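Side chains are part of it too, since the values below use all heavy atoms of this structure and drop only hydrogens, waters and symmetry mates. Everything numeric in this text was worked out from a predicted model, so none of it was measured.
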Amino acid sequence: QEDGPVRQRPSAAEFQTWVEATGRSIKGFSLPVFDTEQGSEMEENLVNDDQESAEILPLHLIDLNDPKAFEQIFTLLRRSARTIDWYLEEVVFREVLTHS
């Protein structure tokens, strides 16, 4: 559980970075966290053309029990290098290394 304003929570900032790295934006978030001018490259946009123009809901508003919302996020982030790297570092490796 994270405290503080929603937009300043670490999970919200991380999620915004992932979304913006795909070239998409989060609804209601006008200040980007992901800065392409600092030498970071945009990840390849891996979503369907009909989904490209849709803004993504902020993390705290996503209902993972809603199949349409879940599919939109999954389709957007399933091949995202940033998301995969986070999952490996924060979930998989931590779990595996604690049992070594």
Subject >> Co-membership, hydrophobic cluster, residues L77 and Y87, 4.5 Å side-chain >> reply: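 Shared cluster, yes.
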
Original post:
Can you name the residues that form a side chain to side chain contact (heavy atoms under 4.5 Å, CB included) with L88, not counting sequence neighbours?
Top reply: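 Here the qualifying residues are I84, V92, F93.
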
Subject >> Results of side chain to side chain contact (heavy atoms under 4.5 Å, CB included) for D3 - residues two or more places apart only >> reply: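 Here no residue qualifies.
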
**OP:** Can you measure from CD1 (I26) to CZ (R7) and round to the nearest 0.5 angstrom?
**Re:**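 Nearest 0.5 Å value for the CD1-CZ distance: 9.5 Å.
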
**OP:** Calculate, to the nearest 0.5 Å, the distance between atoms CG and CG belonging to D63 and L57 respectively.
**Re:**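 Going from CG on D63 over to CG on L57, the span is 10.0 Å.
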
**OP:** Find out whether R24 and L76 are in side-chain contact, i.e. whether some heavy atom of one side chain is under 4.5 Å from a heavy atom of the other.
**Re:**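 Side-chain contact under 4.5 Å: yes.
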
Subject >> Heavy-atom side-chain contact between L64 and D66 under 4.5 Å >> reply: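 Of all side-chain heavy-atom pairs linking D66 with L64, none is under 4.5 Å.
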
**OP:** Determine which pairs satisfy ring-ring contact (aromatic ring centres under 6.0 Å, His included) with at least one residue from residues 59-80, sequence neighbours left out, and list them in order.
**Re:**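 As it turns out, there is no ring-ring contact (aromatic ring centres under 6.0 Å, His included) pair with a partner in residues 59-80 once direct neighbours are skipped.
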
Original post:
Is there a donor-acceptor pair closer than 3.5 Å between any side-chain N or O of T22 and the backbone N or O of V19?
Top reply: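 Looks like yes, one N/O pair under 3.5 Å.
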
Identify all side-chain donor-acceptor contacts of residues 8-15 below 3.5 Å with residues at least two apart in sequence or on another chain.
residue	atom	partner	partner atom	Å
R9	NE	G4	O	2.9
R9	NH2	G4	O	3.0
S11	OG	E2	OE1	2.5
E14	OE2	W18	NE1	2.9

